[in-house]
Structures are given as structure tokens and as C-alpha cells.
Amino acid sequence: MRITTKGRYALRAITNLAMKGTDRPVPIKTLAAEEGISPEFLEQIFFKLKKSGIISSVRGPGGGFVLEQAPEDVSVKDIFDAVGEGLEITPCVGDEECDRKDTCLVHGVWKEASDHIVGYFEGLSLRKIMEMNQ
């Protein structure tokens with residue numbers, strides 16, 4: 001398993017957005033500049049996050065993005081899922097069906113390890129990340 005740039009940037013930008021609160025929309029250029037991310041790349045990421053319902057956008061002057069859900073209701077796994085980030089440590093425990101699953105002596109090892117990783121990210125909310133950084 002390797003978290004890609006897309007996944008890392010999504011988590012950084014959405015955490016930054018959450019830290020700012022939900023009272024006013026934050027322009028994507030502001031988030032991009034603060035996080036050192038290309039605004040164009042961040043737009044692609046935010047399109048996916050918006051489509052998943054994690055954020056919403058406000059158009060026009062003073063527009064930007066706001067967190068659509070409470071920070072305690074958004075897990076890191078939700079963010080990774082929204083941007084298409086896979087968390088399985090091997091292909092044989094992912095969506096692909098492993099042809100050796102029934103005979104592989106270590107399939108259970110990979111499955112259990114993957115379950116731990118997924119469980120960690122499911123239990124880690126934006127609120128917890130915010131509290132770690134206060």
C-alpha cells in the first residue's frame with residue numbers, strides 16, 4: 001500500500017479547510033497556496049470530494065469551498081475513498097479476486113493487516129487530526 005500524492009494532498013487540503021471552520025467559504029487558491037499544491041490539481045481533487053458530499057462550493061465573489069459535514073463525521077478513509085485512494089496492502093485483499101485465496105497460506109495475514117490499516121483510517125476523523133494540531 002502506498003498513499004499517492006492525490007491522497008496526501010486531499011487530506012492536507014481538507015484538514016486545512018476544516019481548521020478554518022465552516023462560517024465562510026475558502027477560495028481554492030488560498031488553500032493551494034497555503035499547502036503548496038497546484039490550484040489545478042487541487043481543483044481535480046476537490047471535484048471528487050464535492051461529488052462525494054464531503055465539501056460543497058459557493059460561487060461568485062467571496063466564494064470557495066466549505067466542509068459539508070462535521071469534522072467528527074468525516075474519516076480519513078472517507079477522504080481516501082472519495083479520491084479513489086486504495087488502502088489494501090496487496091491486490092489479493094482488494095476488489096480483485098485472488099485465484100489463490102483458498103490455497104494461499106498467507107492470504108489471512110495480508111487480509112488481517114489490511115483490515116487493521118482500513119480500521120485505523122476509518123477511526124481517524126478530521127476532528128481528531130484537528131485536535132492533534134492545536
Side-chain angles (χ1 to χ4, degrees):
M1 176 197 89
R2 181 169 186 212
I3 304 297
T4 66
T5 302
K6 179 175 51 177
R8 293 191 321 271
Y9 283 5
L11 184 57
R12 281 177 30 201
I14 205 81
T15 301
N16 185 327
L17 182 63
M19 293 290 283
K20 293 183 181 318
T22 57
D23 54 337
R24 293 179 22 180
V26 180
I28 199 154
K29 288 185 179 185
T30 300
L31 293 168
E34 290 176 0
E35 292 301 324
I37 302 170
S38 148
E40 295 79 17
F41 190 37
L42 192 54
E43 281 181 23
Q44 294 172 19
I45 293 168
F46 270 29
F47 174 79
K48 292 179 179 190
L49 291 165
K50 183 179 171 187
K51 190 174 177 181
S52 72
I54 294 174
I55 60 173
S56 61
S57 62
V58 177
R59 292 182 177 216
F65 290 89
V66 293
L67 198 58
E68 189 65 24
Q69 302 175 33
E72 55 273 11
D73 295 333
V74 180
S75 73
V76 173
K77 183 177 182 308
D78 294 333
I79 295 163
F80 287 162
D81 286 346
V83 299
E85 195 70 55
L87 294 176
E88 292 80 16
I89 60 172
T90 67
C92 63
V93 295
D95 292 334
E96 300 172 28
E97 187 60 36
C98 177
D99 60 348
R100 293 185 42 99
K101 182 174 152 182
D102 296 329
T103 59
C104 179
L105 299 175
V106 295
H107 177 74
V109 172
W110 301 132
K111 176 74 171 112
E112 188 173 334
S114 185
D115 289 347
H116 283 290
I117 291 168
V118 170
Y120 173 74
F121 286 125
E122 281 177 336
L124 183 58
S125 68
L126 284 177
R127 172 69 62 211
K128 286 182 184 176
I129 295 172
M130 292 167 64
E131 290 169 355
M132 287 180 205
N133 290 288
Q134 289 183 342

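Please read these numbers as outputs of a predicted model, since none were measured by experiment. FYI, side chains are in, hydrogens and waters are out, and symmetry mates aren't considered; it's all heavy atoms of this structure. Just so you know, residue 1 is the first one in the sequence shown, and it goes up from there.
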Do Lys128 side-chain atoms and Gly123 backbone N/O form a donor-acceptor pair below 3.5 Å?
yes

Minimum heavy-atom separation for Leu31 and Leu17, please, with both atom names.
CD2-N, 4.0 Å

Ignoring hydrogens and geometry beyond distance, is a side-chain donor-acceptor pair present between Thr103 and Arg100 at under 3.5 Å?
no

ILVMFWY network linking Ile89 to Val106, side-chain heavy atoms under 4.5 angstrom:
yes

For the residue pair Ile79 and Ala10, what are the closest heavy atoms and their distance?
CG2-CB, 3.9 Å

Is the closest side-chain heavy-atom distance between Asp73 and Leu126 below 4.5 Å?
no

Separation of Phe121 CZ from His116 NE2 (nearest 0.5 Å)
14.0 Å

Check whether Phe41 and Ile28 end up in the same hydrophobic cluster, where Ile, Leu, Val, Met, Phe, Trp and Tyr are linked by side-chain heavy atoms less than 4.5 Å apart.
yes

Between the side chain of Glu88 and the main-chain N/O of Ser114, is any donor-acceptor distance below 3.5 Å?
no

Between CD1 of Ile45 and OH of Tyr9, what distance do you get to the nearest 0.5 Å?
8.0 Å

What verdict does the side-chain contact (heavy atoms from CB on, under 4.5 Å) test give for Val76 and Ile129, after you've listed the backbone C-alpha separation in whole Å, the side-chain angles of each residue and the deciding distance to 0.1 Å?
CA-CA 9 Å; Val76 173; Ile129 295 172; 3.6 Å; yes

If Ile, Leu, Val, Met, Phe, Trp and Tyr residues are connected whenever their side-chain heavy atoms lie under 4.5 Å apart, and connections chain through other members, are Trp110 and Ile117 in the same group?
yes

Report whether Ile14 and Met19 are members of the same hydrophobic cluster (ILVMFWY, side-chain heavy atoms less than 4.5 Å apart, transitive linking).
no

Quick check for you: to the nearest 0.5 Å, what is the distance between Lys111 atom NZ and Cys104 atom SG?
14.0 Å

Testing the basics here: between Glu85 and Ile3, what is the closest heavy-atom pair and its distance to 0.1 Å?
OE2-CA, 3.6 Å

Evaluate whether atom OH of Tyr120 has more than 12 neighbouring non-hydrogen atoms of other residues, nucleotides or ligands under 6.0 angstrom away.
no

First locate atom CE of Met132, then atom CG of Leu124, and finally report the distance between them rounded to the nearest 0.5 Å.
5.0 Å

More than 12 non-hydrogen atoms from neighbouring residues, nucleotides or ligands closer than 6.0 Å to CZ on Arg24, yes or no?
no

So how far is it from Met130 CE to Asn16 CG, rounded to the nearest 0.5 Å?
10.5 Å

Could you tell me whether the side chain of Val66 reaches within less than 4.5 Å of the side chain of Val26, counting heavy atoms only?
no

Heavy-atom closest pair (Gly7 atom, Val83 atom, distance to 0.1 Å) is CA-CG2, 4.3 Å

For the hydrophobic clusters of this structure (ILVMFWY residues joined by side-chain heavy atoms under 4.5 Å, transitively), does one cluster hold both Phe47 and Leu42?
no

So which heavy atom on Glu122 is nearest to which on Ser75, and how close?
O-CB, 3.3 Å

How many angstroms lie between CG in Leu11 and CG in Leu49, if you round to the nearest 0.5 Å?
10.0 Å

Could you report the tightest heavy-atom contact between Gly63 and Pro25, atom names first, then the distance?
C-CB, 3.7 Å

